[in-house]
Amino acid sequence: MRLVTWNVNSVRLRFDHLARLVQRWDPDVICMQEIKVHDDLFPNADLLPGGHPHRRWRGMKSYNGVAILSRLPLEPVEGPDWCGKGDCRHLAVRLPGGVELHNFYVPAGGDIPDRKANPKFAHKLDFLDEMTDWFQSERKAQRKMILVGDLNIAPLETDVWSHKQLLDVVSHTPIEVEKLTGLQEGLGWTDAVRHFIPPKDKLYSWWSYRAADWNASDKGRRLDHIWVTRPLKGQLKGASVLREARGWAQPSDHVPVVVDFA
DNA sequence: ATGGTGGCTTTGCCA
């Protein structure tokens, strides 16, 4: 089984790119974030017509929104209303074999890394705390679970273009990294991508639109992740980050991240 | 210290 997570930054602008993704990498399950469309307007018929027939989505107007397209059957799994905001940042399903798949879009957190000065940063930290508590109390480490998504945090020094220069930049501050690590250690999640691509290697999944030449300056961050619980660790077969997708015409600022399972 | 781009909606908000 090949699984992809991708922050598409508007699903309605990404029909061709999704078709190319399937043509070139043939994923069985596609998890998307930032679909930016209300449920009623989700472009179901125009999206990979005839393919990946098992689909679920949760979207709102303009912002946020998550979706899963799959060749394998999906059963719904209920989740909480994170931070009581009803803002469409989580979609959970059960795959055949009793595997739970959790697709997240963690709040970006605004520009100022200060809980008091910036409510968006407070929301991000609270969201991470709620995730940690919920997985600890409602979900157990011995379950087969996959957690994917745009977690909006680059935890390792090699997950950013400059560790020193990003220490005060939201996405790589010590408090965010500490909370993400706490979430990870809570259930003993394995970072499936770093399982194959050594932590000493630089690795990014996002490059800002604001760079004059994203490829030449290469000021990226690894914000998109795929984690698995211990019972699935032995099933991991490979991982890659599809950097070339950032060079496609009118791209998302994120690229797909892929993990293969036995 | 600043501003750079893109998507969606509205002329600003969010990333």
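Letters go in sequence order (proteins before strands), and every chain restarts at 1.
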[N] versus [M] - spacing of their [atom1] atoms, nearest Å:
N	M	atom1	answer
B/dT2	B/dG7	P	27 Å
B/dG12	B/dA1	P	27 Å
B/dT9	B/dA15	C1'	15 Å

Check: A/His225 side chain, A/Ile153 main-chain N or O, donor-acceptor pair, under 3.5 Å: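 Checking the backbone N and O of A/Ile153 against the side chain of A/His225, a donor-acceptor pair under 3.5 Å is found.
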A/Lys202 side chain vs A/Trp161 backbone, donor-acceptor pair below 3.5 Å: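 Yes: the side chain of A/Lys202 pairs with the backbone of A/Trp161.
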Whichever of A/Asp150 and A/Tyr209 has its nearest DNA chain B nucleotide further upstream toward 5':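 Nearest nucleotide further toward 5': that of A/Tyr209.
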5' precedence on DNA chain B between A/Lys61 and A/Glu34 (nearest-nucleotide basis):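 Going by which nucleotide is closer to the 5' end, it is A/Lys61.
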Segment of DNA chain B, first to last nucleotide, that comes within the 4.0 Å heavy-atom reach of chain A: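 Terminal contacting nucleotides, 5' to 3': B/dG4 to B/dA15.
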Parallel, tilted or perpendicular: rings of A/Phe127 and A/Trp82 (30°, 60°):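 A/Trp82 and A/Phe127: tilted rings.
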A/Arg222/A/Asp191 ion pair, N-O < 4.0 Å: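 Salt bridge between A/Arg222 and A/Asp191, a charged N being under 4.0 Å from a carboxylate O: yes.
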Test side chain to side chain donor-acceptor pair (under 3.5 Å) applied to A/Arg210 - qualifying residues, sequence neighbours left out: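 Checked A/Arg210 against side chain to side chain donor-acceptor pair (under 3.5 Å); zero matches.
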Whichever hydrophobic residues join A/Val11 through chains of side-chain contacts under 4.5 Å: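 So far as hydrophobic clustering goes, A/Val11 is joined with A/Val4, A/Trp6, A/Val8, A/Phe15, A/Leu18, A/Leu21, A/Val22, A/Trp25, A/Ile30, A/Met32, A/Ile35, A/Val37, A/Leu41, A/Phe42, A/Leu47, A/Leu48, A/Trp57, A/Leu69, A/Leu242, A/Trp248, A/Val258.
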